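Here is the structure we will look at.
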Amino acid sequence: MIKRRNHSINWIAKICFVTALLIGSHAVQGQESAKEEDFFRIMRVSSPEGTLLEVGGLCTLPNGDLAVTTRRGDVFIVENPTSQRPYFRKFATGLHEVLGVVYKNGALYCVQRGELTKLVDKNMDGKADVYETIYQWPLSGNYHEYSFGPKIAPDGSFFVTLNLGFPDAWWHPKSMVPWRGWALRIQEDGTMEPWAAGLRSPCGISMIDGELYYTDNQGDWMASGSIIPLKKGTFAGHPASLVWDTAANSPLKVKQEQIFSKLSQRIEFDQDGRPVKPQNIVNEKFFTLADMKKNIPELQLPLVWLPHGVLGISTSEIVKIPEGVFGPFEGQLLVGDQGQSNLSRVFLEKVNGEWQGAAWLFRSGFQSGTVRLSWGKDGSLFVGETNRGWGSVGDANQGLQRLVWNNRLPFEMRTVKAMPDGFEIEFTKPVDKKFANDIASYSVNSFTYKYHAVYGSPEVNRLKHKIKGVKVSADGMHARIVVENLRQHYIHVISLEGIRDKENAYSLIHPTVYYTLNNIPEGKKLAIAELSTVNTAKTAAKTSGSVPGKPLTFNQVKPLLTQYTCISCHDPNKKQVGPSFSEIAKRKYSAEKMLQLIYNPQPQNWPGYAVSMPPMAQLPRAEARKIVAWIKSLEK
């Protein structure tokens, strides 16, 4: 992920003109635009010296104090958490990896690795003196059997989600003991009801408007991060948990054989009989989740995909933006990401009776992996962070920060809605119609993912869509683009690089949105006579582009780095999940050697990194050569 330079801009009074050429868009770019940090400020919540928070759970109490749980087994109550000197009071200790906490009727309920625990301060001395087990679930002892939650349902019951275990061949996780890979519903009296299966690494359990949702992480059978609703009897896609579907109280009867009869389990070995991690097969005939749903109706498709390496790599908690908070985005969702230490924003709409929607990057630059989110009484967002064992972008291994809106209005896409013939985009400020009426200001691509036993999926069946025209509203707050060949169940990447606001000629802070088009709505399509078909792309193409034989600039190569997820692990100048591009350049590999390493990485060349680079077979060689040329241009 690329971190922006930390600089302050008076974006109304001070304007810097840039005369840079744009590829496939307008020849002249306007003034330097405002950035995320000009509207949403990240503030550190000071903790006592020597305190290792490694936050696993956050909960705002009725009086505005904050309950914080840690992976090391402590529970703190933070008094006056929005002040310059918050007070940390240790409420409980000695627990086992507490990855969630909620408040109910004067008590805290937290999830340890093996149980849902109630904590009560009976003698009112500020410390828990009752540690009550509400419900226990089995453990095999595998290190990856994390447990998340609880979240409280409208009837007062609790939901928890249980991670699959990772055997030696960790790329094929397993449900080694009952209910691993499941969501469970637990009553106050300790009765348990299995709720939904098919979960892999369900860190982001959330209750939104009384309904249960969760986020999963990329892995086998999970192409990328996503938001999935968990109604009773849902199958979320990972087959490992289905070994327990024969239990008498199981709410679904999906069989692993229903999947394995269609798709290989990809259990593979080398010539010495040792298990090896399967790799993506290029140009194979493949299944998508939508294909499999035709065979398994219980399979729940994601409402929104969060493309891997673009919006995150380890998706975490979801929260709804309350009324009156964060300006034009109230009622929308924010989603954390542990690996890229950022927040994404999601807008949902109901089409043909089902939810779907759009996702944007919202705020990057947190100091560590963003795992837990909780709204403060003042309308700011508390962000709990940790990266131990998982790795993340940022300069810290753990922490607690706060995101604060300064009440200034950013220029963003507020919503994107599906139309029968394209998309309608609503802005937070009026647009300059000179740019908004030019179809060269827009581009639309679509792709989908494979559903397979390989770790993650490349983007497949990518298509560039023709934009037939655009209709801009009289007030400049809406633009409806008519797009050819909309594709159901595909992610549509809508980019508005050429759009400027009317007031300052600023570009959008986040010009690219990812819309998951599970359903195409019915309704009236626009006639060509209603549309502007102005297109300056041909003119711009004659006056812009890179000089033949000259390496691309970073701004020119960035779309490739984003599309092929290079940017998810490599920053131009700073160590991230992988080494920086400038550090790679210092090795002074030949161009051919660098190409070889892209397609056949050698992790031994970079000791000290927890995550090994996968082979990038999906990267076309012509595009790889452009990236290599840019990296070599960084050599000093």
Side-chain angles (χ1 to χ4, degrees), residues 54-61 67-71 73 75 92 95-105 107-119 131-139 144-165 175 177-217 227-232 234 236 241 251 314-320 335-336 338 370-374 384 386:
E54 294 187 339
V55 178
L58 280 182
C59 174
T60 302
L61 305 181
V68 180
T69 71
T70 79
R71 294 178 64 192
V75 180
L95 304 174
H96 189 180
E97 198 167 51
V98 193
L99 295 181
V101 63
V102 295
Y103 173 89
K104 178 184 172 185
N105 297 335
L108 292 180
Y109 294 78
C110 61
V111 162
Q112 301 188 64
R113 179 166 283 244
E115 69 172 58
L116 172 61
T117 308
K118 181 178 181 179
L119 303 174
Y131 293 56
E132 179 185 351
T133 298
I134 301 297
Y135 181 78
Q136 288 182 316
W137 44 83
L139 292 170
H144 205 265
E145 289 181 341
Y146 304 112
S147 303
F148 305 105
K151 295 297 178 183
I152 303 176
D155 68 351
S157 61
F158 303 94
F159 282 99
V160 302
T161 55
L162 306 182
N163 222 110
L164 294 173
S175 185
V177 289
W179 312 125
R180 282 286 152 189
W182 285 71
L184 308 181
R185 186 176 192 174
I186 301 169
Q187 303 291 342
E188 182 79 33
D189 63 5
T191 57
M192 185 278 289
E193 176 185 13
W195 188 259
L199 286 58
R200 179 185 175 274
S201 192
C203 175
I205 177 175
S206 301
M207 188 68 65
I208 307 294
D209 295 334
E211 298 290 335
L212 183 66
Y213 296 82
Y214 95 107
T215 62
D216 219 318
N217 291 287
I227 299 176
I228 299 175
L230 290 179
K231 295 186 180 297
K232 186 175 181 180
T234 293
S241 59
S314 300
T315 318
S316 61
E317 188 154 33
I318 316 165
V319 292
K320 184 177 180 179
V335 187
Q338 190 279 323
T370 56
V371 176
R372 292 290 173 253
L373 309 172
S374 184
T386 180

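Position 1 is the first residue of the sequence, and the numbers go up from there. Please read all numbers here as calculations on a predicted model, not as lab measurements.
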Q.
Contact between Arg71 and Leu99 at the side-chain level, heavy atoms closer than 4.5 Å - yes or no?
A. yes
Q) Considering residues at least two apart in sequence or located in another chain, which fulfil the side chain to side chain donor-acceptor pair (under 3.5 Å) criterion with Arg185? A) Asp155, Ser157
Q: Kindly indicate whether the side chain of Thr386, heavy atoms from C-beta on, has any atom under 4.5 Å from the side chain of Val55.
A: no
Q. At what distance, to the nearest 0.5 angstrom, does OH of Tyr146 lie from OG1 of Thr161?
A. 13.5 Å
Q: Keeping the roles fixed (side chain from Thr69, backbone from Gly57), state whether a donor-acceptor pair exists under 3.5 Å.
A: yes
Q. side-chain contact (heavy atoms from CB on, under 4.5 Å) with Ser241: which residues, sequence neighbours excluded?
A. Trp182, Ala197
**Q.** Sub-4.5 Å side-chain heavy-atom contact between Arg180 and Ser147
**A.** yes
(Q) If we ignore hydrogens and angles and just use 3.5 Å, is the side chain of Lys104 paired with the main-chain N or O of Gly156 as donor and acceptor? (A) yes
**Q.** Heavy-atom check, side chain of Phe158 versus side chain of Ile152, under 4.5 Å
**A.** yes
Q.
Could you measure the distance from the OG atom of Ser316 to the CG atom of Leu373? Nearest 0.5 Å is fine.
A. 6.0 Å
Q) If every non-hydrogen atom of Arg113 is compared with every non-hydrogen atom of Glu97, which pair is closest and at what distance? A) NH2-OE1, 2.6 Å
Q) How far does CD of Glu115 sit from SG of Cys110, to the nearest 0.5 angstrom? A) 8.0 Å
Q | Heavy-atom check, side chain of Leu230 versus side chain of Phe159, under 4.5 Å | A | no
Q) With Lys232, which residues qualify under side-chain contact (heavy atoms from CB on, under 4.5 Å), at least two apart? A) Glu193, Trp195, Pro251
Q) From Leu95 CG over to Thr117 OG1, what is the distance, rounded to the nearest 0.5 angstrom? A) 6.0 Å
Q. How many angstroms lie between atom CD1 of Ile186 and atom CD of Glu188, to the nearest 0.5 angstrom?
A. 11.0 Å
Q.
Does any part of the side chain of Trp137, heavy atoms only, come nearer than 4.5 Å to the side chain of Leu116, both counted from C-beta?
A. yes
Q: Answer yes or no: is there a donor N or O on one side and an acceptor on the other, between the side chain of Asp216 and the main chain of Ser201, under 3.5 Å?
A: yes
Q.
Please evaluate residues Val111 and Phe148 with respect to the criterion side-chain contact (heavy atoms from CB on, under 4.5 Å), reporting the C-alpha separation (whole Å), side-chain torsions for both, the decisive distance (0.1 Å), and the verdict.
A. CA-CA 6 Å; Val111 162; Phe148 305 105; 5.8 Å; no
Q: Taking atom CG of Asn105 as the centre, report whether more than 12 heavy atoms of other residues, nucleotides or ligands fall under 6.0 Å from it.
A: no
Q) Any side-chain heavy atom of Val102 sitting closer than 4.5 Å to one from Leu108? A) no
Q: State, yes or no, whether a side-chain contact exists between Leu162 and Leu199 at a heavy-atom distance under 4.5 Å.
A: no
(Q) Please give me the minimum heavy-atom distance between Pro194 and Leu184, naming the atom from each residue. (A) CA-CD2, 4.0 Å
Q | Backbone N/O of Arg200 and side chain of Asn163: donor-acceptor pair under 3.5 Å | A | yes
**Q.** Minimal non-hydrogen separation, Tyr214 against Pro202, with atom names
**A.** CD1-CB, 3.4 Å
**Q.** Lys151 and Glu317: CA distance, side-chain angles, deciding distance, side-chain contact (heavy atoms from CB on, under 4.5 Å) verdict
**A.** CA-CA 11 Å; Lys151 295 297 178 183; Glu317 188 154 33; 2.5 Å; yes
Q. Between atom CG of Leu119 and atom OH of Tyr109, what is the distance when rounded to the nearest 0.5 Å?
A. 10.0 Å
Q. Hey, mind stepping through Met207 and Leu212 against side-chain contact (heavy atoms from CB on, under 4.5 Å) and telling me if it holds?
A. CA-CA 5 Å; Met207 188 68 65; Leu212 183 66; 4.1 Å; yes
Q. Please walk me through it: do Cys203 and Arg372 pass side-chain contact (heavy atoms from CB on, under 4.5 Å)?
A. CA-CA 9 Å; Cys203 175; Arg372 292 290 173 253; 3.7 Å; yes
Q. Can any side-chain N or O of Gln112 pair as donor or acceptor with the backbone N or O of His96 at less than 3.5 Å?
A. yes
